[in-house]
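See below for the structure under consideration.
Below, read A as the first sequence line, B as the second, and so on, with proteins coming before strands; counting in each chain starts at 1. Computed from heavy atoms alone, side chains included, the values below leave out hydrogens, waters and symmetry copies.
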10 protein chains.
Amino acid sequence: MEFLVHIEQDISPDMDPERLAAVKAAEKVRGRELVEQGKMRRIWRTPGRRAVTALYEVEGPDALHDILSSLPLFPWMDIEVVPLGAHALDPSQATAGR
Amino acid sequence: MEFLVHIEQDISPDMDPERLAAVKAAEKVRGRELVEQGKMRRIWRTPGRRAVTALYEVEGPDALHDILSSLPLFPWMDIEVVPLGAHALDPSQATAGR
Amino acid sequence: MEFLVHIEQDISPDMDPERLAAVKAAEKVRGRELVEQGKMRRIWRTPGRRAVTALYEVEGPDALHDILSSLPLFPWMDIEVVPLGAHALDPSQATAGR
Amino acid sequence: MEFLVHIEQDISPDMDPERLAAVKAAEKVRGRELVEQGKMRRIWRTPGRRAVTALYEVEGPDALHDILSSLPLFPWMDIEVVPLGAHALDPSQATAGR
Amino acid sequence: MEFLVHIEQDISPDMDPERLAAVKAAEKVRGRELVEQGKMRRIWRTPGRRAVTALYEVEGPDALHDILSSLPLFPWMDIEVVPLGAHALDPSQATAGR
Amino acid sequence: MEFLVHIEQDISPDMDPERLAAVKAAEKVRGRELVEQGKMRRIWRTPGRRAVTALYEVEGPDALHDILSSLPLFPWMDIEVVPLGAHALDPSQATAGR
Amino acid sequence: MEFLVHIEQDISPDMDPERLAAVKAAEKVRGRELVEQGKMRRIWRTPGRRAVTALYEVEGPDALHDILSSLPLFPWMDIEVVPLGAHALDPSQATAGR
Amino acid sequence: MEFLVHIEQDISPDMDPERLAAVKAAEKVRGRELVEQGKMRRIWRTPGRRAVTALYEVEGPDALHDILSSLPLFPWMDIEVVPLGAHALDPSQATAGR
Amino acid sequence: MEFLVHIEQDISPDMDPERLAAVKAAEKVRGRELVEQGKMRRIWRTPGRRAVTALYEVEGPDALHDILSSLPLFPWMDIEVVPLGAHALDPSQATAGR
Amino acid sequence: MEFLVHIEQDISPDMDPERLAAVKAAEKVRGRELVEQGKMRRIWRTPGRRAVTALYEVEGPDALHDILSSLPLFPWMDIEVVPLGAHALDPSQATAGR
């Protein structure tokens with residue numbers, strides 16, 4: 001199942017810079033894992049904001065929640081999850097059955 | 001450039017069925033062309049709604065507008081365009097320069 | 001997978017009464033089928049509105065969309081689909097694995 | 001009477017971890033009580049958020065408020081209560097009178 | 001149980017005046033019945049709008065829905081129902097048990 | 001003149017418990033005075049929230065503001081005031097002139 | 001009592017021009033009356049919209065509703081009424097008691 | 001040029017009372033100046049809120065911004081500015097040219 | 001004075017094509033006049049929508065309203081006007097006094 | 001490519017004045033650079049708010065994000081980016097090809 005995931009980060013300008021750097025570094029490592037595992041298929045930045053949109057392919061909403069709540073920045077994130085349905089015209093439908 | 005495009009269709013239940021069928025058939029043909037041209041990279045249905053989310057890769061906002069306003073169902077569509085920025089973790093960044 | 005489905009009906013007071021009665025009767029029949037098939041687990045009326053909230057248990061978002069778009073009143077419906085994740089405290093978790 | 005209850009938790013990332021763990025443990029105990037008493041019939045997680053949707057069956061809005069305001073996490077919760085009306089197609093109507 | 005009920009009427013300026021007058025007259029009669037039955041305890045006009053706020057005292061959400069959907073103007077109404085809980089300071093609590 | 005008054009309290013979970021208890025006790029005393037003076041005619045709790053809806057009968061908006069800003073919890077309140085107009089069907093119109 | 005009144009007109013581009021001209025002429029006449037009676041103290045146009053903001057001074061919300069619902073364009077208007085309270089700095093307070 | 005200015009104050013209940021009193025006193029002085037200079041023509045309180053609506057007559061948006069940002073409470077204010085256009089029915093149009 | 005003007009067109013898919021073509025042609029002519037007169041300084045299309053954003057430089061809100069309400073498509077437009085203030089960093093400030 | 005950029009600053013009234021002055025001075029320097037580089041074509045103040053609207057001309061969304069996230073006040077900014085499409089009537093189209 002595919003989900004579109006919109007994430008806004010809400011980080012205080014007064015957050016301790018070292019703590020922030022450590023959390024961001026951990027976030028990067030976790031992000032790379034999710035890419036390597038084929039869970040996070042695409043990720044884009046929202047221009048001008050501390051925000052991203054990502055395309056996840058996972059087994060279902062529970063697997064997705066486990067992933068998102070495992071993100072080191074999760075406590076500072078406001079996340080909206082959008083379920084995606086298959087469309088007959090989708091290019092990925094042509095080659096795979098899913 | 002990539003854009004996320006959210007489309008809601010607003011079609012009256014009283015629309016002439018033949019006209020609707022004709023427009024939908026034309027929409028399908030145009031959709032296939034956009035896939036074949038590599039403009040429409042992905043398209044998903046919003047479950048429960050006459051709505052889709054699509055991922056476009058085009059030269060810029062003007063090319064995108066030309067495409068969207070060429071859709072046979074355009075007069076019945078409410079469209080929201082979201083510009084997407086590159087993200088360092090994006091899998092497609094690893095293999096291509098864009 | 002379970003989904004919460006909010007449905008608002010938008011029916012013109014000028015709709016032909018016979019046509020409306022026929023569509024409503026067909027809707028009732030389809031609703032009973034969905035209950036018997038175990039797809040629609042619960043359905044509640046929103047007091048004071050032509051609206052319902054329903055709990056569906058289906059294979060995934062595509063199966064849900066097929067069901068919802070098969071409803072005779074679908075062209076008059078505004079539908080919002082909410083994906084539900086499992087919670088450790090949920091009573092239905094105690095007895096089943098899902 | 002049945003109510004749908006949407007709960008969003010707003011917990012600061014800077015909250016003392018021990019205090020948070022204690023409140024969460026108490027919340028779990030209280031949640032189990034409500035399940036055993038048959039008050040909380042279902043509970044689902046909102047994927048990607050510190051949020052849940054729950055189905056309560058209680059005597060009325062006053063009993064519901066007493067329950068919700070007794071939750072250990074209540075001071076950190078933003079709660080929306082939706083009253084539910086009976087629907088003729090509801091499976092639970094077939095077997096019970098309520 | 002008490003409920004606050006907000007009603008907005010959406011009547012086209014092109015509605016046939018005789019039909020409108022007939023429906024309004026029937027609405028008045030039904031409104032008086034509800035007052036006499038002690039169901040509609042208070043009703044106020046929203047200044048400047050075709051809208052009212054009413055205080056209903058009924059057995060529960062199902063009884064309320066039956067009443068509201070029986071209103072002759074129901075097909076032209078957009079209704080929002082707000083459940084009300086008892087408050088220790090409420091004057092009506094002092095004299096009655098409810 | 002009658003007004004519907006919606007009040008949401010925004011009290012930090014970190015507020016000093018003694019201070020909170022003192023302000024709440026003062027709030028209760030002030031509330032009783034307003035009931036005894038016939039200013040606050042009804043008050044209901046919003047189930048699941050630190051919120052109330054109240055029906056005030058006062059000379060006008062200035063008298064209402066004086067009352068609301070005199071509430072001990074006023075600095076923690078978000079208040080919305082809704083002016084109410086007389087309706088021909090209102091039961092209180094039958095017996096009084098106002 | 002003073003009220004700020006926001007009025008948006010929703011007139012179909014297909015409305016019969018003669019009917020529209022007649023209603024607008026009647027609206028103008030009624031507007032002048034309200035100015036002469038000292039009820040409508042100020043009126044401003046919202047640039048770019050078929051909308052106005054007006055300052056009314058009337059006995060109360062019921063008098064205001066009678067005035068607004070007497071406007072020939074009332075069936076095409078969406079009106080929002082904002083009650084205004086006296087402010088110690090207001091210039092009109094200096095010279096009059098109101 | 002006239003502008004309608006809506007101001008909401010967001011003052012923490014924990015703000016130092018002396019500092020608050022000093023800022024409020026300065027605000028009052030500045031307000032009186034603006035009245036005497038004929039810049040602030042009217043000001044009303046929003047009942048139940050720390051909010052006001054004011055009518056300003058100034059040379060243009062830049063003069064208005066200079067005035068508003070000079071208010072001692074400006075750092076605690078959320079301000080919305082609404083430009084006003086002349087209306088043929090406005091009483092002040094009859095006697096002055098503006 | 002400069003204003004940012006957001007315009008959404010709401011044209012029914014059932015509008016007579018000849019009438020639409022005539023109004024659009026007239027709109028184009030009027031648009032060119034406004035550019036030649038230096039009133040409309042910039043205009044951009046909103047990708048994917050029948051909508052534009054324009055930058056106007058006019059004497060004030062009344063001149064702007066006269067221009068916008070003179071547009072042939074005005075009856076089908078929903079317009080939002082945003083007043084703009086001068087900013088010290090603006091490049092156009094460097095060379096002109098305005 | 002051109003973008004309209006709306007920026008709201010959220011600066012606490014309790015921020016250290018020296019720190020604020022330093023950040024604002026750095027912001028001014030960076031702003032001038034962006035003007036000199038021809039990236040920031042126009043900038044306007046939103047009257048009454050700590051907010052600006054700016055017109056940027058940059059290579060694309062990634063270049064824009066790099067610029068905006070380089071602003072010294074970025075951690076205190078809430079930014080909305082609006083992509084702009086070319087319009088046939090735009091004066092700048094007449095003289096340049098872009």
| query | Can you check whether V82(F) reaches T46(E) side chain to side chain, under 4.5 Å on heavy atoms? | reply | no
| message | Would you compute the distance between atom CH2 of W44(E) and atom CG of L55(F) and round it to the nearest 0.5 angstrom? | response | 5.0 Å
| field | Distance-minimising heavy-atom pair for P83(E) and P47(F) | value | O-CD, 3.5 Å
| field | Proximity of residues 24-37 of chain E to chain F, residues having a non-hydrogen atom under 4.5 angstrom | value | K28(E), G31(E), R32(E), V35(E)
| message | With rounding to the nearest 0.5 angstrom, report the CZ to CZ distance, R41(F) to R42(E). | response | 8.5 Å
| Sorted by number, residues from residues 63-79 of chain E in contact with chain F (heavy atoms, under 4.5 Å) | none
| query | With side chains defined as the heavy atoms from C-beta onward, is the minimum distance between L84(F) and R45(E) less than 4.5 Å? | reply | no
| Non-hydrogen atoms of L4(E) and T53(F) that approach each other most closely | CD2-CG2, 3.9 Å
